[in-house]
Amino acid sequence: MLKFSEEQMTEFKRLVARYPEGKQKSALLPVLHLAQDSFGGWLSAETMDYVAELLQITPIEVYEVATFYSMYNLKPVGKYMFEVCQTGPCMLRGSDDIIAYIGEKLGIKPGETTADGMFTLKTVECLGACGYAPMMQLGKHYREHLTKEKVDAIIDECRKTAASLN
Amino acid sequence: MSKKLLLEKAHVEGIRYFDVYRREGGYRSVEKALKEMSPEAIVEEVKKSGLRGRGGAGFPAGMKWSFIAKPEGVPRHLVCNADESEPGTFKDRYLMEFIPHLLIEGLIVSSFALGSNDTYIYIRGEYAWIVDILEQAITEAKNNGFLGKNILGSGFDCNIHVQRGAGAYICGEETALIESLEGKRGNPRIKPPFPAVKGVWDRPTVVNNVETLAAVVPIINMGGDEYAKIGVGRSTGTKLISACGNINKPGVYEIDMTISVEEFIYSDEYCGGIPNGKKLKACIPGGSSVPILPANLLLKTAKGETRYMNYESLADGGFASGSMMGSGGFIVLDEDQCVVRHTLSLARFYRHESCGQCSPCREGTGWMEKILKNIEYGNGKMSDIDLLWDIQRKIEGNTICPLGDAAAWPVAAAIRHFRDEFEWHVLNPEESQKRNYGLAHYADPIHVPVA
Ligand SMILES: Cc1cc2nc3c(=O)[nH]c(=O)nc-3n(C[C@H](O)[C@H](O)[C@H](O)COP(=O)(O)O)c2cc1C
Ligand code: SF4
Ligand code: FES
């Protein structure tokens, strides 16, 4: 049985308190973010059922939402997810080449995860960084003005961080 | 130099923090509004300012505010739209990241004017680090008595909450945003009822863009009449433009809407021209949803007059030969770019973002993407171009929300102005895989008959 830690529970309560009495369902999106971050970077059926129980809504209300929004992962993803923008303005600045380069370097296609579970490559639509293109989202932050050299450095950085955490 | 009202202080060291922001004159508008003005008087100033919504539609903000219903005993809400997902648009992010207190200040004054005790900022989920910046600013404002109970002894209580979305362009549409704020899928609602009558939790709600609400600060400080003197005609005040694509200096610029498009693209104060001595081919001046214009129609109107960076001038000629200010996402294409490919990329975006509620939008966006893919990859037929035209026309105006139109217009404008490039792809399936069509005559001074 999964369960939020005490600290996560405090955050959960803070989120719910922002909405009027009886409107706790409004906290669903932020709570799903919290759950995804807390339970392995994706939303399993078990996680979603737990969220439903906490918010006192039906599981289907959670599934509906989890499948609608692109930031919720419905299957496991790599430790580091490269979400590279492929929309028009980024394309004008060479995002296609960056996506191809990452794919080649990691030996995966968009949507796939490396065999060691370290990296996932995902193409996404405009992230509001068009002036700093090409770009990708990595965790909570953006990596902008990407070049092949920068991609190399980011991959090394991820490998090093992962090694130091082990 | 254009007059700056929003970003003037954005580069002051430490302006992200309350103390510096306050020292630089911040929160004066809250003092003035809450101590000296009534809510009605604030709405009146915003009306006088001529401020138009900066989220894309350009609807007069003061007028929108005056529509909010005030049933006895029902709370009202102000919701700030920080979903910013229109390709080419990254101005709200800049404002929130660098000068977050300006938004918070604008929100407090606007909440007072509308009677919102709980105000929400709905921010796109990907802007995760900006949530921290905003929450920090909110905490600072609260600690200094500008938020919370009985603000500045006025008797007005206000809290601001930041709610993260989770990746869905459609949640920028105001009724989809409200659904999302209620913890549901972002399916736009059928209007009426309008949010001003029945919005979030069925309560009267006003949804405004980040930049619109920030602009309330200078309006209150200088007065609506003074604000209205800046700019030209019905394009009052300043506008943030996020410029991207093939230009030397991509970034966010505050303009006063009196400069020409040519000056904006080529002067060093703004975009700094096109890199590598390339020529300008085309531009989408107001975010991906507005019509693309070839260089000749961008710099001059069909009548041969200079085109300016304001609402009226950008729209001059209607859809036959003009475009729109939209959200201010300015996307520049140089001579090496392929309009078919760029249009395909936008079509994919809209197919991906359609919420799927209405069949013309759900089916039409997918169909357009497929046909464009065929044309781009050398498998197109001449009749496909007419078919595309036909599909986009059948989407436009036949859907619950304007995303359908937003998906149709880019395709329509690309065919209208660049039909020969589409035809060239069809006629030269092999060659078009190896090189781009180039500039053709798009930069020549031709005259388009005005319909
Ligand atoms: C598909 C779609 C996406 C939109 N996205 C945004 C957005 O990201 N930000 C925004 O402020 N307005 C967006 N709008 C416009 C809003 O519906 C609404 O008009 C706006 O928030 C009102 O604020 P304003 O009057 O201050 O511009 C979008 C509209 C549509 C149809
Ligand atoms: S037009 Fe498209 S996005 Fe808008 S409600 Fe219909 S299907 Fe959804
Ligand atoms: S198009 Fe890539 S961030 Fe906007």
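Below, read A as the first sequence line, B as the second, and so on, with proteins coming before strands; counting in each chain starts at 1.
The ring-ring contact (aromatic ring centres under 6.0 Å, His included) test applied to A:Tyr50 returns A:Phe4, not counting sequence neighbours. Every residue two or more places apart in sequence or in another chain that forms a side-chain hydrogen bond (donor to acceptor under 3.5 Å, both in side chains) with A:Asp152 is listed here: A:Tyr101, A:Lys105.
Proximity to chain A is absent for every atom of B:Leu344, based on heavy atoms less than 4.5 angstrom apart. Heavy atoms closer than 4.5 Å to chain B are found in both the backbone and the side chain of A:Ala129. Proximity to chain A is absent for every atom of B:Cys338, based on heavy atoms less than 4.5 angstrom apart. Of the two parts of B:Val332, only the backbone, made up of N, CA, C and O, holds a non-hydrogen atom closer than 4.5 Å to a non-hydrogen atom of chain A.
Of the residues considered (B:Cys171, B:Ala128, B:Gly251, B:Gly186), B:Gly186 shows the highest number of contacts with chain A, using heavy-atom pairs under 4.5 Å. For chain A, the option among B:Gly165, B:Pro87, B:Gly125 with the highest count of heavy-atom pairs below 4.5 Å is B:Pro87. Across A:Val65, A:Leu127, A:Leu28, the residue that shares the most heavy-atom pairs under 4.5 angstrom with chain B is A:Leu127. Comparing B:Ala166, B:Gly329, B:Cys244, B:Gly167 by heavy-atom pairs within less than 4.5 Å of chain A, the highest count is held by B:Ala166. The greatest number of non-hydrogen atom pairs below 4.5 Å with chain B, out of A:Ala133, A:Gly131, A:Ala27, A:Ala66, is found for A:Gly131.
Considering every non-hydrogen atom in both A:Phe68 and B:Ala168, the closest pair reads CE2-CB, 4.1 Å.
The structure places CG of A:Leu92 at 7.5 Å from CD1 of B:Ile331, a figure rounded to the nearest 0.5 Å.
Sorted by first and then second residue, the salt bridge (Lys or Arg N to Asp or Glu O under 4.0 Å) pairs involving residues 67-79 of chain A (not counting sequence neighbours) form an empty list.
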Is there any N or O donor on one of chain A and chain B with an acceptor on the other under 3.5 Å, and could you list each such pair with its distance?
residue: A:Arg18; atom: O; partner: B:Tyr120; partner atom: OH; Å: 2.6
residue: A:Arg18; atom: NH1; partner: B:Val162; partner atom: O; Å: 2.6
residue: A:Arg18; atom: NH2; partner: B:Val162; partner atom: O; Å: 3.3
residue: A:Tyr19; atom: OH; partner: B:Gln163; partner atom: OE1; Å: 2.2
residue: A:Ser26; atom: OG; partner: B:Leu181; partner atom: O; Å: 3.1
residue: A:Ser26; atom: OG; partner: B:Trp201; partner atom: NE1; Å: 3.0
residue: A:His33; atom: NE2; partner: B:Gly165; partner atom: O; Å: 2.7
residue: A:Glu64; atom: O; partner: B:Arg185; partner atom: NH1; Å: 3.1
residue: A:Tyr69; atom: OH; partner: B:Ser180; partner atom: OG; Å: 2.9
residue: A:Tyr69; atom: OH; partner: B:Lys184; partner atom: O; Å: 2.6
residue: A:Tyr69; atom: OH; partner: B:Gly186; partner atom: N; Å: 3.3
residue: A:Ser70; atom: N; partner: B:Ala166; partner atom: O; Å: 3.4
residue: A:Ser70; atom: N; partner: B:Gly167; partner atom: O; Å: 3.0
residue: A:Ser70; atom: OG; partner: B:Gly167; partner atom: O; Å: 3.3
residue: A:Met71; atom: N; partner: B:Ala166; partner atom: O; Å: 2.9
residue: A:Gln86; atom: O; partner: B:Arg348; partner atom: NH2; Å: 2.9
residue: A:Gln86; atom: OE1; partner: B:Arg348; partner atom: NH1; Å: 3.4
residue: A:Gly88; atom: N; partner: B:Ser345; partner atom: OG; Å: 2.7
residue: A:Leu92; atom: O; partner: B:Asn246; partner atom: ND2; Å: 3.4
residue: A:Arg93; atom: NH1; partner: B:Gly245; partner atom: O; Å: 2.5
residue: A:Arg93; atom: NH1; partner: B:Ile247; partner atom: O; Å: 3.2
residue: A:Asp96; atom: OD2; partner: B:Arg341; partner atom: NH2; Å: 2.6
residue: A:Glu125; atom: OE2; partner: B:Arg348; partner atom: NE; Å: 3.3
residue: A:Cys126; atom: O; partner: B:Arg124; partner atom: NH1; Å: 3.2
residue: A:Cys126; atom: O; partner: B:Arg124; partner atom: NH2; Å: 2.9
residue: A:Gly128; atom: O; partner: B:Arg93; partner atom: NH1; Å: 3.0
residue: A:Gln137; atom: NE2; partner: B:Glu126; partner atom: O; Å: 3.2
residue: A:Lys140; atom: NZ; partner: B:Asp132; partner atom: OD2; Å: 2.5
residue: A:Glu144; atom: OE2; partner: B:Arg93; partner atom: NH1; Å: 3.0
residue: A:Glu144; atom: OE2; partner: B:Arg93; partner atom: NH2; Å: 2.8

